[in-house]
Protein chains: 4
Amino acid sequence: MATPVYDGAARSPQRGRPRDASRDDALRQAALEVMADVGYRALTMDAVAARARAGKATIYRRWESKLDLVIDTCTQLAQRNLTEPDTGSLGGDLREFLSTFAGFLSGPIGKAAQALVGELPHEPELATAFRDTFLIAQRDVLRGILDRAAERGELKPDAPRGTVVELAGAALIYRLMLTGEALDGAFVDRMVDQVLLPLVGKGQ
Amino acid sequence: MATPVYDGAARSPQRGRPRDASRDDALRQAALEVMADVGYRALTMDAVAARARAGKATIYRRWESKLDLVIDTCTQLAQRNLTEPDTGSLGGDLREFLSTFAGFLSGPIGKAAQALVGELPHEPELATAFRDTFLIAQRDVLRGILDRAAERGELKPDAPRGTVVELAGAALIYRLMLTGEALDGAFVDRMVDQVLLPLVGKGQ
Amino acid sequence: MATPVYDGAARSPQRGRPRDASRDDALRQAALEVMADVGYRALTMDAVAARARAGKATIYRRWESKLDLVIDTCTQLAQRNLTEPDTGSLGGDLREFLSTFAGFLSGPIGKAAQALVGELPHEPELATAFRDTFLIAQRDVLRGILDRAAERGELKPDAPRGTVVELAGAALIYRLMLTGEALDGAFVDRMVDQVLLPLVGKGQ
Amino acid sequence: MATPVYDGAARSPQRGRPRDASRDDALRQAALEVMADVGYRALTMDAVAARARAGKATIYRRWESKLDLVIDTCTQLAQRNLTEPDTGSLGGDLREFLSTFAGFLSGPIGKAAQALVGELPHEPELATAFRDTFLIAQRDVLRGILDRAAERGELKPDAPRGTVVELAGAALIYRLMLTGEALDGAFVDRMVDQVLLPLVGKGQ
DNA sequence: CGTTAAACGAGACGGTACGTCGAGTCTTTCG
DNA sequence: CGAAAGACTCGACGTACCGTCTCGTTTAACG
């Protein structure tokens, strides 16, 4: 689940016509477009199939459900959009990361991701998949930023790195998904200068 | 919306059989039970009606949609569970509030609330209602805690109160809805001692 | 089956909104029109529902299947089109009946009926229904014609009435459904003069 | 249509692997078995292919459609089962023929043939094929019987041979396909003694 | 205290989407 | 190149819910 199912083991030595891999992308693209048009709730499999000029069976052969399709579509896009910044300073890296991530989450993928959040409590597999991609990826980038800052000697010796990582993500998500307030430069600056740097940085 | 509609103006001087107010609670109760059973997505109006031994029209007479019913059910329960703590110290109040709120959100209402979050991007009215109850109520309690601490002289003069209020909520919601990690005492202590108090408290 | 199901017994005190009887006719009419357009095989429930501006559930509430709907539609029409002739003579009655029946079967109902015939071997209930309406009704009319002829003294004492009844029906059906030859006056005359009258009539 | 297509002209110098002719029979056999199991309506190409351990393309290479396959299967079997009787007397030949034909039609091929009848009105090519095999073959055998009886001087000079041929077929088909009554010796005797012989025979 | 109008449980209604299945075509690998 | 396997598009299937609409019945407030 959460990635097209190819039953690697079960279908050797490859009998019959193989899956057309280009349909995977076409369907993911269609899913994203439909989601951007009408939102997650109103996304229907028929609409996705129609936009990709595919049969519904072709979708269900790869993903088990609408949710599964959307998860896969989103996580794939998320991974392509998370790159580790390297400005040379802790503050710069944090600012860069928060801005980039905020921008990315403000688009259609952010809305889709938010829709997924609503499903997490009742879909344990989805929850696992979501955490293993969205959250872990974002967390790893932040960890890397802090690690490089430590190598440069920018951190206090007892800096609570885990707390900083958690707070950075939490603040973004909270604004984006709950309060709906703008994720602008002012907000990023406030987070970095008032909260994150004071917690871990050396200088006052 | 978001509360049973009684068209006060439009139905004077009260002709015909009046609404049976006890049905409101029965329906909210049924909605909560169904949601606890099968989750928000799988909740159907037929199921709620059946469990409350009510006709669907009786539901639609009071709430405009499934979403509306769920919002009302949740916010009503939320408001009953948000009380302002008063332990005499800033740290105590924060600890008390975070623990109480975490416990409340960990139950079925928390799951329902999370389901609502998924709908926010495509339902502006829901978003407004959600923010005006869940978020504002929680924010007001925190503001009250900080105000009373200030009166007691526990705050730094330039304490960024808004940031603290935002962070406290964000950290809770992030754990509850996204990472799924435990909202236990250790977490509460870490938040209070490492993050919140250092940001606003006078102490060393 | 084969007539709209109203569970007479089971829904005694009339709970809930009653079935709208006018939908029965609208649906039967739509079924007949669709069948006339595209034939039985290509008739779809969606098409019938669309033409009657009805939901599919409204159809399935009354008939269990496409076949059931078509049976009911046809038998109802058949019964309205089978009237006992009374010309005063055996030959006249036979001619009248064969002509009428042939004309009726040559229209869309005949095609539909023929489609049903193809299903009889695998659908025992349909077979029973079909025989109890189409065949018995037609047989009864012919029996009546022979009985009145007997009262008028037109029959041989040992006339094989059953055989005549069977042959009259068989000859019509055979032409209509199998050979596709015309069911015209010449054919009717030949059947009556060469076969039926010689078998039972007193002959001059 | 209605016989395996071999594109005689188009494949002149015979390049590549030649069609495996034994697959024709295997597929026809599979079609017959499936049809006997589940009836014509429920027969699927996948089921036929699976039972013959063949690919669907192998079927479509030989027959244009499901209907085409079934027609060919049936007509081939029919022609193998229609032999001209020669008992030396008109009555004997008729009895022999009717009994044989009735027995043959009572088996699975009869059911399949009946299924085809339901398609005739909307499938002109099928109708032509059906008439040119089933009907003409049976008709020719009956004509032969009558011709030989005429040579033996058993017929009235003005015997309506066409009518007899038609009636013999009609009576069989009517019983078999419509009324479902038994096609036993008593029925055959009644047809021959009461209807067919009196119409054409010399004797009293 | 009878009338009256709306609320009530029940369930039919027109719709829309679901996930499955079959027809007929296309595309692989193997022999 | 033929044949087996199975993916492909298309479209119908029968079901489930939606939100609305009748029904017959109940229940207050008005007259």
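Numbers restart at 1 for each chain; the letters A, B, ... are given by sequence-line order, proteins then strands.
Straight-line distance from the CD1 atom of D:Ile59 to the C1' atom of F:dG6: 14 Å, rounded to whole Å. Across the protein-nucleic acid pair, C:Leu69 atom CG and F:dG14 atom C1' stand 14 Å apart, rounded to whole Å. The nearest whole Å value for the distance from the CG atom in A:Leu27 to the C1' atom in F:dA7 is 13 Å. Between C:Tyr40 atom OH and F:dA12 atom P there is a gap of 15 Å when expressed in whole angstrom units. Between the CG atom of D:Asp24 and the P atom of F:dG2 there is a distance of 14 Å, rounded to whole Å. In this entry the distance linking NZ of C:Lys66 with P of F:dG14 reads 9 Å, nearest Å. A:Asp20 places its CG atom 8 Å from the P atom of F:dT9, with the value rounded to the nearest Å. Distance CZ (B:Arg19) to P (E:dC8): 6 Å, rounded to an integer number of Å.
For the side chain to side chain contact (heavy atoms under 4.5 Å, CB included) with C:Trp63, the lone residue among C:Val48, C:Val70, C:Asp72, C:Ile71 that qualifies is C:Asp72.
Residues that satisfy the side-chain hydrogen bond (donor to acceptor under 3.5 Å, both in side chains) test with D:Asp46, not counting sequence neighbours, are absent from this structure. Remark: B:Ser65 engages B:Leu67, B:Asp68 in a side-chain contact (heavy atoms from CB on, under 4.5 Å) (not counting sequence neighbours). Contacts of C:Phe130 classified as ring-ring contact (aromatic ring centres under 6.0 Å, His included), with partners at least two apart in sequence or in another chain: C:Phe134. In terms of the side-chain contact (heavy atoms from CB on, under 4.5 Å) criterion, residue partners of B:Glu33 (sequence neighbours excluded) are, by chain and number, B:Gln29, B:Arg51. Applying the side-chain contact (heavy atoms from CB on, under 4.5 Å) criterion to C:Ala115, with sequence neighbours excluded, gives C:Tyr40. For C:Thr73, the side-chain contact (heavy atoms from CB on, under 4.5 Å) partners at least two apart in sequence or on another chain are C:Arg28, C:Ala31, C:Leu32, C:Leu69, C:Leu77.
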Extract from the structure each pairing of a protein N or O with an N or O of nucleotides 20-23 of chain F at less than 3.5 Å, listing the distance.
from: F:dC21; atom 1: O2; to: C:Arg17; atom 2: NH1; distance (Å): 2.8

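The residue D:Thr58 sits close only to the backbone: its heavy atoms come under 4.0 Å of sugar-phosphate atoms, none of a base. Within 4.0 Å of B:Leu43, counting heavy atoms only, lie sugar-phosphate atoms of the nucleic acid but no base atom.
Expressed to the nearest 0.5 Å, how far CZ of B:Arg62 lies from CG of B:Asp24 amounts to 4.5 Å.
Close to E:dA7, at under 4.0 Å from its OP1 or OP2, lies no side-chain N or O of B:Arg62.
Listed by first and then second residue, the side-chain hydrogen bond (donor to acceptor under 3.5 Å, both in side chains) pairs involving residues 108-120 of chain D are C:Arg41-D:Glu119 (not counting sequence neighbours).
For DNA chain F, the neighbouring residues in residues 44-54 of chain B, judged by any heavy atom under 4.0 Å, are B:Thr44, B:Met45, B:Asp46.
Map C:Gly55 and A:Ala42 each onto its nearest nucleotide of DNA chain E; the residue landing nearer the 5' end is C:Gly55.
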